[in-house]
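To keep things clear, I will list the structure first and then write my remarks on it.
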Amino acid sequence: MKQYLRDKVLASLTLAGCPDSVVPTFEKPKIAEHGDLTTNVAMVASKVLGVPPRKLAQTIVDHLDLDPKRIAGVDIAGPGFINFRFTRDYYQNALAEILASGPSFGRVDVGRRRKTQVEFVSANPTGPLTVGHGRGAVFGDTVSRLLEWANFDVTREYYFNNAGRQMRVLGDSVRLRYLEEIGVPAQAFPEDYYQGEYIREIAQHLKAECGDTLKEEPAEGRFKARAEEEIFENIKGSLKRLGVAFDVFYNEHTLYESGKVQAVIDELKAKGLAYEQEGALWFKTSALGLEKDKVIVKSTGEPTYRLPDIAYHREKFRRGFDLIIDVLGADHIATYPDVLAAVKALGFDDAKVKVLIHQFVTIVQGGEVVKMSTRKANYITLDQLMDEVSADVVRYFFLMRGINSHLNFDLKLAKEQSEENPVYYLQYAYARIASIVRHAGTQTEGRNISRNFSLLREPEELELIKMLITFPDVVASCASAYEPHRLAEYLHDAAGRFHAFYHAHRVVTDDLELMAARMGLCEATKCVLGNGFTILGISAPEKM
RNA sequence: GCGCCUGUAGCUCAAUGGAUAGAGCAUUUGGCUUCGGACCAAAGGGUUGGGGGUUCAAGUCCCUCCAGGCGCACCA
């Protein structure tokens with residue numbers, strides 16, 4: 001419909017003497033009285049043509065040649081908006097299209113099978129996932145689902161590092177707890193070691209299996225290996241519980257083994273973008289418009305995180321991704337400009353990299369803010385959160401908000417609030433329809449009643465249909481903007497329209513033709529809600 | 001000190017530069033002998049942190065000030 005109106009308005013603009021540079025855009029007005037689609041083109045073009053907006057709008061409307069079967073009316077309103085109203089026929093026909101498309105209604109081709117990678121979570125295996133990781137996990141996963149519905153070819157990837165100093169400290173943390181468990185006097189547990197209770201549990205598992213035979217075992221042997229194994233299992237378990245699955249787990253270490261890290265060093269040196277000073281190797285970011293140079297290889301010979309990050313992103317390009325999405329927490333905000341500068345310097349198009357940064361989740365417990373730190377173990381884990389409220393609630397809670405907002409989460413209230421949680425509002429609408437369908441089935445058994453959607457002419461019915469048919473547009477715009485929270489809001493509105501319809505009109509009545517038409521409307525609503533739930537990754541209950 | 005994010009109803013948050021700034025919770029008032037009341041209908045509640053500017057049009061863009069969060073390592 002947008003395309004149809006665009007063509008018509010464009011033709012009219014040309015007749016009015018408007019240059020091609022002006023392209024009309026259409027949007028759905030917020031207020032229903034303003035029609036079904038509106039364009040501001042008269043206001044945009046008025047300056048170019050030197051004609052007052054309302055007068056230009058009138059000229060455009062006068063030249064329009066519209067199909068009365070689809071367009072019921074055109075108005076000029078406010079400072080010069082042109083508002084279009086669709087015919088009832090148009091809506092009634094659209095309902096049939098929804099039912100015909102069924103589980104694929106809402107699939108749109110924005111992506112054209114573009115090869116896309118979404119990298120998210122990427123936590124190193126040093127401890128359980130926190131609520132903050134949960135936000136990134138839910139967001140990254142849902143963006144992936146959205147992009148798939150918009151016909152992008154998506155790979156979900158988790159990047160991790162199980163080497164280096166942090167893992168040595170992790171292994172030694174387990175070793176010290178183990179020595180405590182078997183009663184061997186050991187040094188005091190250092191403050192900057194991993195304090196979490198899970199360390200002691202891992203130590204206890206080792207004791208149960210090996211007794212005290214690991215007394216002389218080095219930290220980097222069984223202790224580290226076991227810690228990594230158990231923690232990764234725990235992380236994967238949390239993700240699975242949340243409905244998040246990855247296609248690729250990419251180990252940073254392979255970048256070293258395959259010489260790809262060294263290759264980056266060589267290339268940067270060859271381009272004169274790396275130099276040695278005070279025993280360290282520096283990346284000349286100042287030559288690329290950034291503030292100051294950064295160390296990429298320490299004087300000890302160890303690389304900083306920056307270097308493998310660059311090598312990793314270079315790999316992403318070499319693996320053929322056309323769109324590279326990095327989902328990061330706000331604490332990593334400073335890390336990506338260097339990486340982007342580097343991939344650009346290495347000859348890749350940095351515009352293909354889209355960095356999406358989500359702000360922190362602030363946990364409030366009993367009115368006090370809990371500072372999160374894996375090392376100090378005073379965090380709330382994702383599992384603890386999911387023990388309190390269901391995965392559906394967790395997902396929806398994170399998805400309701402834009403990622404730029406710092407959101408507060410009062411754990412104490414989480415459970416009580418979940419009783420009133422908006423996710424139930426959506427699921428209730430779905431379950432209610434399922435119930436109506438069950439009930440209606442008993443009334444229509446053995447009869448063959450045709451559906452005549454022209455019987456749907458009550459305001460609540462038409463409002464609901466209008467809502468439903470915009471679903472593909474919503475998917476397209478949410479995918480393009482990487483903003484799942486707008487889909488959550490849309491589904492909430494759609495559920496609201498359904499509840500309003502339900503209260504105003506009976507579906508199951510003695511008028512079998514009307515009943516058949518309303519059943520069609522119910523099924524179309526169920527279809528849109530169900531498809532939306534699939535994208536958000538929440539369940540679609542037939543009963544609650 | 002520098003960079004990024006934020007400041008909208010009592011609380012938690014929405015609002016591709018568009019028309020009358022919207023939801024949920026909380027408060028108040030109505031609505032079930034019929035398809036699920038985890039629902040519906042309605043009311044109150046706002047100088048969009050302050051001040052300038054750009055624009056036909058600013059919560060949205062620019063400048064500045066105030067307040068909060070996160071960063072600013074030869075940690076990741």
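- The side chain of Thr304(A) lies closest to C74(B), out of U6(B), C74(B), C39(B).
- Asp36(A) pairs with exactly one of Arg85(A), Lys466(A), Lys28(A) by the salt bridge (Lys or Arg N to Asp or Glu O under 4.0 Å) rule, that one being Lys466(A).
- Distance from the side chain of Glu278(A) is smallest for C74(B) among the nucleotides G24(B), C74(B), G69(B).
- Side-chain contact check for Thr335(A) and Arg306(A): no donor-acceptor pair (N or O, by modelled atom type) lies under 3.5 Å.
- Among the protein residues, Asn404(A) comes within range of the sugar-phosphate backbone only, with heavy atoms under 4.0 Å from sugar or phosphate atoms but none that close to a base.
- Listed candidates were C75(B), A19(B), A15(B). Nearest to the side chain of His34(A) is A19(B).
- For Phe283(A) and Tyr275(A), the distance between ring centers is not under 6.0 angstrom.
- For Pro29(A), the listed nucleotide lying nearest its side chain is A19(B); candidates were G37(B), A14(B), A19(B).
- Checking U47(B) for Watson-Crick or G-U wobble geometry (two distances, each under 3.5 Å) identifies no partner in any strand.
- In this structure, Asp309(A) reaches neither bases nor backbone, as no heavy-atom distance under 4.0 Å exists between it and the strands shown.
- Nucleotides of RNA chain B nearest to Arg486(A) and Phe81(A) differ in position, and the one nearer the 5' end is that of Arg486(A).
- At the heavy-atom level, Leu407(A) lies under 4.0 Å from the strands shown only through sugar-phosphate atoms.
- Contact annotation: Lys30(A) side-chain N/O to A19(B) OP1/OP2 distance is under 4.0 Å.
- The side chain of His406(A) sits closest to C5(B) out of C5(B), G36(B), A76(B).
- You'll find the ring centres of His499(A) and Tyr428(A) inside the 6.0 Å limit.
- Across every strand in view, U60(B) sits unpaired, with no contact that passes the Watson-Crick or G-U test at under 3.5 angstrom.
- If you take CG of Leu399(A) and P of A14(B), they are 12 Å apart, rounded to a whole angstrom.
- Nucleic acid contact class of Gly164(A) (heavy atoms, under 4.0 Å, all strands): none.
- Closest approach to the Ala500(A) side chain among G36(B), G68(B), A41(B) is made by A41(B) (side chain taken as heavy atoms from C-beta onward).
- Interatomic distance, Leu514(A) CG to Met519(A) CE, rounded to the nearest 0.5 Å: 12.0 Å.
- In a base pair of the Watson-Crick type (N1 to N3 plus N6-O4 or O6-N4) or a G-U wobble (N1-O2 and O6-N3), with each distance short of 3.5 Å, C32(B) is matched with no nucleotide.
- Between the base of G71(B) and the side chain of Asp331(A) there is no donor-acceptor pair shorter than 3.5 Å.
- Contacts of Glu302(A) with the nucleic acid, taken as non-hydrogen atoms under 4.0 Å apart, are absent.
- Contact annotation: Arg432(A) side-chain N/O to G37(B) OP1/OP2 distance is under 4.0 Å.
- Of the listed nucleotides (G31(B), C74(B), A76(B)), A76(B) has the atom at the smallest distance from the side chain of Tyr305(A).
- With a 3.5 Å ceiling on both atom-pair distances, A26(B) lacks any Watson-Crick or G-U wobble partner.
- Ser435(A) comes within 4.0 angstrom of a base, heavy atoms only.
- Within 4.0 Å (heavy atoms only), Asp75(A) reaches no atom of the nucleic acid at all.
- Relative to the side chain of Lys47(A), the nucleotides A19(B), A14(B), C56(B) differ in distance, and C56(B) lies closest.
- Put simply, the side chain of Asp493(A) and the base of A14(B) share no donor and acceptor less than 3.5 Å apart.
- Distance from the side chain of His499(A) is smallest to C40(B) among A19(B), C75(B), C40(B).
- The residue His358(A) sits apart from the nucleic acid: no heavy atom pair falls under 4.0 Å.
- Put simply, CD1 on Ile333(A) and CD on Gln359(A) are 6.0 Å apart, with the number rounded to the nearest 0.5 Å.
- In this entry C4(B) has G69(B) as its Watson-Crick or G-U wobble partner, both defining distances falling under 3.5 Å.
- Within the 4.0 angstrom heavy-atom criterion, base atoms lie near Ala280(A).
- For the pair Ala434(A) and Tyr425(A), both in contact range of RNA chain B, the more 5′-proximal nearest nucleotide belongs to Ala434(A).
- Spacing of C1' atoms, G51(B) relative to G7(B), comes out at 16 Å, to the nearest Å.
- Here Tyr424(A) does not reach the OP1 or OP2 of A38(B): none of its side-chain N or O atoms lies under 4.0 Å away.
- Dashed line: the shortest gap from a side-chain N or O of His332(A) to OP1 or OP2 of C70(B) is not under 4.0 Å.
- For Asn234(A) and Tyr198(A), the side-chain atoms include no donor-acceptor pair closer than 3.5 Å.
- Here the two rings, on His492(A) and Tyr425(A), have centers that are under 6.0 Å apart.
- Across all strands, Thr38(A) comes closer than 4.0 Å to base atoms (heavy-atom distances).
- Comparing C40(B), A14(B), A19(B) by their nearest atom to the side chain of Ala77(A) picks out A19(B).
- For C75(B), the OP1/OP2 oxygens have a side-chain nitrogen or oxygen of Lys298(A) closer than 4.0 Å.
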